[in-house]
Amino acid sequence: MAVTYSEAISRISNYLDQRNKATPSSSSSSSSNGDVLVRLEKAVGRTLAKDYAATIDAPPFDNSAMDGYVLSSSKTAAASPSNPLTFQVSGSIAAGDSPLTLTDDDQDEMKCYEIMTGAPFPLSNGMGYDACIRHEAVTYACQDYDQSQDGVQAGPSTSDTSFPRAKRITLNAPVPPRSNRKVAGEDFRTGDLLAKQGTVITPGIVMVLSSTGVERVLVRARDEDEEGKGRRRRLCIGILTTGKEVANNHNLPTGTLRPQSTSVSLDSNTDNQATVAAATTTPILQKGHIFNSNAPYLVSTLDSWGHEPVVIPAPSQDTPEAFQERLRTALPLDLDLIITTGGVSAGKHDYVPSSVVDLGGRIVFHKTTIRPGFPVMFGEIPSDENETSGVPIFGLPGNPIAVAACLRFLVTVFLTRCNAAQAPSLGLEVGRLLSPDFSARQGSSPATAGCGVEKTPQDVTGQKEHRARYHKKPLMTRCFLPSKLHRSRPVDAVSDTDERGATVPGLDMLPWVEPLTRSASLTKAMSEADCWVVLPEGKEVFEPGEIVEVVSMKPE
Ligand SMILES: Nc1nc2c(c(=O)[nH]1)N[C@H]1C(S)=C(S)[C@@H](COP(=O)(O)OP(=O)(O)OC[C@H]3O[C@@H](n4cnc5c(N)ncnc54)[C@H](O)[C@@H]3O)O[C@H]1N2
Ligand code: MOO
């Protein structure tokens with residue numbers, strides 16, 4: 001059962017109340033002059049010394065936003081409760097698989113394939129399987145169930161949504177064309193400028209650059225005094241990313257990042273161009289794979305907050321056994337916290353929560369009514385030796401913006417309550433909501449983050465321009481939207497009057513906030529965002545000009 005955001009926070013606090021933990025600290029610094037090449041995840045707060053453009057389309061291929069079934073939407077047009085349509089399940093497509101090429105047979109008959117979140121859509125000549133339906137939205141004939149195989153059973157807390165093994169599925173309603181399909185290039189296209197020379201690097205920029213395969217960046221030199229961070233206590237935090245589709249391009253140093261400096265000074269280098277070129281060559285991406293943006297995002301953010309991220313090598317295979325083995329080998333590192341990404345929702349390979357249980361640990365909560373980040377899990381696995389308390393573990397969803405939201409709004413609660421180290425204050429302020437036209441930026445990606453912009457009735461008839469749109473979200477969900485803060489009034493902002501046209505004093509003093517995306521996977525929006533807009537539970541519709549909570553994303 002999903003818990004509310006406030007329940008999730010109080011469970012984290014209660015969990016920590018029951019522990020009494022201290023953590024050691026360490027410090028280091030390095031110095032250099034001239035432009036330097038530094039590892040991307042060490043570059044937050046530094047200034048870019050050159051432009052960075054995308055070297056691939058992102059996502060690189062059309063892929064599924066949900067765990068479910070991929071089929072031809074046109075064949076579902078006649079489906080209704082009185083005319084249920086049955087589809088044969090021909091096979092399964094996992095994230096990391098090469099895109100399947102459909103046969104004529106596949107296209108002619110009432111067939112479908114299981115497809116997992118992030119898995120490539122099948123290739124076809126035009127017609128093809130264009131849409132995915134979530135597995136929770138189909139029905140199964142009883143004799144088709146076989147939950148005893150395939151490691152599908154995911155433990156007590158996930159049994160409600162584990163992926164059934166079925167030979168046939170039945171639909172009672174048409175599937176809209178291209179549903180739940182994330183389209184190649186909808187985030188950004190090859191050649192798009194992702195970050196300009198002179199920009200101060202934020203974790204959001206780390207996210208977008210790493211999703212195009214950048215590992216090191218050229219930055220301006222500075223006197224590295226580490227901003228006094230060494231005086232603060234740090235938590236040692238293990239980072240483990242899962243998913244066989246995630247290319248292991250970011251050979252992030254395993255173990256702590258602190259002791260070594262990976263920067264290369266170009267000041268006295270006679271072969272600067274060649275060095276930069278060699279360090280900025282994009283690694284080759286296999287079909288069906290994506291670059292890992294979660295690990296660099298987590299490492300860089302935690303590092304900039306003064307913690308000590310430790311990269312745990314990715315599991316050798318995408319199996320529960322290999323994942324559990326990695327967790328076991330990380331235990332002697334004496335970690336204060338483990339953060340994993342991916343594998344927590346409803347797919348066949350989503351084994352993180354069940355692995356926590358299999359390792360003898362416990363789940364404190366799994367799923368919260370937040371978007372993005374709904375499937376997030378928090379729990380504990382037993383420690384290595386005779387420790388009385390185990391190692392706390394956050395299982396964050398795989399979608400990069402869900403990772404960012406969960407880090408900011410759940411993991412920071414843990415850090416603050418642990419108190420040892422720096423956790424950024426929420427930097428709360430309020431701003432007035434702008435309702436931009438998301439469609440310009442969203443491609444055809446579904447609103448996996450659960451919040452969208454809808455037209456008012458007047459807008460639908462074409463009588464008003466887009467500022468008449470409003471934000472709509474599920475009533476009891478809390479939404480976190482990566483947004484841009486405008487200190488001066490944007491041209492298309494609504495007026496400072498109330499519904500009756502009366503001027504509201506003081507309203508013109510507030511900044512404006514422009515949500516940039518409602519998707520959980522568009523990393524480019526994260527690179528442009530400087531704050532989060534928080535849309536609370538209990539309210540579905542947010543009008544343009546409405547006052548909302550704003551949380552800064554600026555590096556501390
Ligand atoms: N049938 C359903 N499908 C999905 C549901 C659901 O309720 N029913 N929930 C959706 C939501 S919400 C989210 S969020 C995602 C999260 O799923 P997982 O945590 O299991 O994550 P994955 O499936 O492994 O990956 C999701 C997505 O993110 C990409 N990814 C994974 N790791 C990385 C990385 N290190 N760097 C960049 N991108 C990464 C991955 O390729 C997928 O596209 O599930 C929905 N599905
Ligand atoms: O809740 Mo998931 O995090 O799309 O976005």
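Numbers for residues simply follow the sequence, beginning at 1. In listed order, ligands and their atoms are each counted from 1.
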Looking at every non-hydrogen atom in both residues, tell me the closest pair between [X] and [Y] and how far apart they are.
X: Ala94; Y: Met116; result: CA-CG, 4.2 Å
X: Pro60; Y: His289; result: CG-O, 3.8 Å
X: Ile239; Y: Pro309; result: CG1-CB, 4.3 Å

Only heavy atoms of [X], strictly under 4.0 Å: list the atoms of ligand 1 that pass.
X: Gly342; answer: 19 (O), 21 (O), 24 (O)
X: Lys182; answer: 43 (O)
X: Asn399; answer: 13 (C), 14 (S), 15 (C), 26 (C), 27 (C), 28 (O)
X: Pro397; answer: 14 (S), 16 (C), 19 (O)
X: Phe291; answer: 36 (N), 37 (C)

Enumerate the atoms of ligand 2 whose separation from the nearest heavy atom of [X] is less than 4.0 angstrom.
X: Ala402; answer: 3 (O)
X: Gly373; answer: 1 (O), 2 (Mo), 3 (O), 5 (O)
X: Ala520; answer: 4 (O), 5 (O)
X: Pro372; answer: 1 (O), 3 (O), 5 (O)

Hey, does [X] sit under 4.0 Å from ligand 1 if you only count heavy atoms?
X: Ser210; answer: no
X: Ser293; answer: yes
X: Gly343; answer: yes

Any N/O of [X] closer than 3.5 Å to an N/O of ligand 1?
X: Val344; answer: yes
X: Gly68; answer: no
X: Arg371; answer: no
X: Asp350; answer: yes

> What distance do Cys531 atom SG and Glu514 atom CD have between them, rounded to the nearest 0.5 Å?
Replying inline: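 CD of Glu514 is found 10.0 Å from SG of Cys531.
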> Taking the six-membered ring for Trp, is the centroid-to-centroid distance between Phe87 and Tyr69 below 6.0 Å?
Replying inline: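 That pair fails the under 6.0 Å test.
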> Taking the six-membered ring for Trp, is the centroid-to-centroid distance between Phe121 and Phe61 below 6.0 Å?
Replying inline: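 No: the rings miss the under 6.0 Å criterion.
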> Looking only at atom types and distance, does a side-chain atom of Gln324 sit under 3.5 Å from a main-chain N or O of Glu321, one as donor and one as acceptor?
Replying inline: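 Checked: no pair found.
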>> For the backbone of Ser74 and the side chain of Ser72, can you confirm whether one donor and one acceptor N or O come within less than 3.5 Å of each other?
In response: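 Absent.
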Answer yes or no: is there an ion pair linking [X] with [Y], defined by an N-O contact shorter than 4.0 Å?
X: Asp187; Y: Lys182; value: no
X: Arg478; Y: Glu537; value: yes
X: Asp57; Y: Arg189; value: yes
X: Asp67; Y: Arg134; value: no

If you measure from each non-hydrogen atom of [X] to ligand 1, which part falls under 4.0 Å: side chain, backbone, both or neither?
X: Asn292; result: both
X: Met116; result: neither
X: Ile290; result: side chain
X: Ala65; result: backbone
X: Glu245; result: side chain
X: Val246; result: side chain

>> Is the shortest side-chain heavy-atom distance between Ile339 and Leu240 below 4.5 Å?
In response: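 Ile339 does not reach Leu240 side chain to side chain.
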>> Can you confirm whether Thr76 sits close enough to Ile133 that some side-chain heavy atom of one is under 4.5 Å from a side-chain heavy atom of the other?
In response: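 The answer is no; the side chains never approach within 4.5 Å.
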> Are any of the N/O atoms in Phe374 less than 3.5 Å from those in ligand 2?
Replying inline: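 So ligand 2 has an N or O lying under 3.5 Å from an N or O of Phe374.
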>> Between Arg178 and Asp130, is the salt bridge (Lys or Arg N to Asp or Glu O under 4.0 Å) condition met? List the steps.
In response: CA-CA 5 Å; Arg178 302 175 80 78; Asp130 63 312; 5.9 Å; no
>> For atom 2 (C) of ligand 1, tell me which residue out of Lys367, Glu136, His135 has the closest non-hydrogen atom.
In response: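 Going through Lys367, Glu136, His135 one by one, Glu136 has the nearest heavy atom to atom 2 (C) of ligand 1.
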> Can you tell which of Gly398, Pro372, Ser521 gets a heavy atom nearest to atom 29 (C) of ligand 1?
Replying inline: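 Ranked by closest heavy atom to atom 29 (C) of ligand 1, first place is Gly398.
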